[in-house]
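Okay, so here's the structure we're looking at.
All values derive from a computational prediction rather than experimental measurement.
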Amino acid sequence: MERWYKLNLGFGLFGILIFIASMMFFKKMPLFLLPAMFGIGIIFKSLKNIYKNEQPTANKKSKKFDYSSTNRKKNHKNK
C-alpha cells in the first residue's frame with residue numbers, strides 16, 4: 001500500500017476510536033458529543049482522501065536568504 005493510503009487509513013481508525021470512546025461517556029456528560037463529532041469529521045476526511053486518492057502537495061524548497069554580518073551592520077546603522 002502507498003504511504004498516504006496507510007496514513008489516511010490510520011487516521012480513519014483513530015477517528016473511529018475517538019467516536020466510540022466519546023459515545024461511551026456521552027450519557028454521563030453531554031459535552032463528549034464535541035469530540036465525537038470531531039472523530040466523525042476525521043473519518044469523513046480520511047475516507048474522502050482515500051476515495052479521491054489525494055496526496056499532499058509537494059513542498060517547494062524555500063530560497064535561503066543571505067544574511068551576512070555586513071548586511072546586518074548596514075541595516076542597523078541606517079535605522
Side-chain angles (χ1 to χ4, degrees):
M1 282 193 280
E2 287 184 31
R3 176 180 168 200
W4 300 113
Y5 181 79
K6 287 181 185 179
L7 188 65
N8 284 320
L9 192 61
F11 277 130
L13 293 175
F14 181 68
I16 290 171
L17 289 175
I18 290 175
F19 176 74
I20 291 171
S22 298
M23 291 310 288
M24 287 190 326
F25 298 110
F26 175 67
K27 287 188 178 182
K28 293 181 181 179
M29 188 174 175
L31 193 59
F32 276 106
L33 187 62
L34 294 174
M37 294 300 114
F38 179 70
I40 288 177
I42 292 173
I43 295 167
F44 282 133
K45 179 67 177 174
S46 62
L47 288 177
K48 186 185 88 166
N49 287 343
I50 290 171
Y51 178 72
K52 290 186 175 184
N53 198 15
E54 291 182 4
Q55 294 182 356
T57 58
N59 293 337
K60 295 180 181 178
K61 292 185 178 180
S62 62
K63 296 179 182 177
K64 292 185 178 180
F65 295 102
D66 184 25
Y67 290 117
S68 63
S69 61
T70 58
N71 288 338
R72 289 183 185 173
K73 288 179 183 177
K74 286 180 184 178
N75 288 336
H76 184 64
K77 287 181 180 178
N78 292 337
K79 289 183 180 180

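- Side-chain heavy atoms closer than 4.5 Å link hydrophobic residues (I, L, V, M, F, W, Y) into clusters, and following such links, even through other members, never connects F14 to M24.
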- Query: Run the side-chain contact (heavy atoms from CB on, under 4.5 Å) check on L47 and Y51 step by step: do they pass?
  - Reply: CA-CA 6 Å; L47 288 177; Y51 178 72; over 6 Å; no
- Just do the side-chain contact (heavy atoms from CB on, under 4.5 Å) check on F26 and L33 with the steps written out, would you? CA-CA 6 Å; F26 175 67; L33 187 62; 3.6 Å; yes
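- Annotation: the span from F11 atom CZ to L7 atom CG amounts to 4.5 Å, rounded to 0.5 Å.
- Atom CD1 of I40 is separated from atom CZ of F38 by 12.0 Å, given to the nearest 0.5 angstrom.
- With rounding to the nearest 0.5 Å, the separation of CG in L13 from CG in L9 is 5.0 Å.
- There is no path of hydrophobic side-chain contacts, each under 4.5 Å, that joins F25 to I18.
- The distance from the CG atom of N49 to the OH atom of Y5 is 12.0 Å, given to the nearest 0.5 Å.
- Hydrophobic clustering, with ILVMFWY side chains joined whenever heavy atoms are under 4.5 angstrom apart, groups I43 together with I20.
- Closest approach of S22 and P35 over heavy atoms only: OG-CB, 3.4 Å.
- To the nearest 0.5 Å, atom CG of residue N8 and atom CD of residue E2 are 10.5 Å apart.
- If you chain together hydrophobic residues whose side chains sit under 4.5 Å apart, M29 and L34 fall into the same group.
- In this structure, the separation between CG on N53 and NZ on K48 is 13.0 Å, given to the nearest 0.5 Å.
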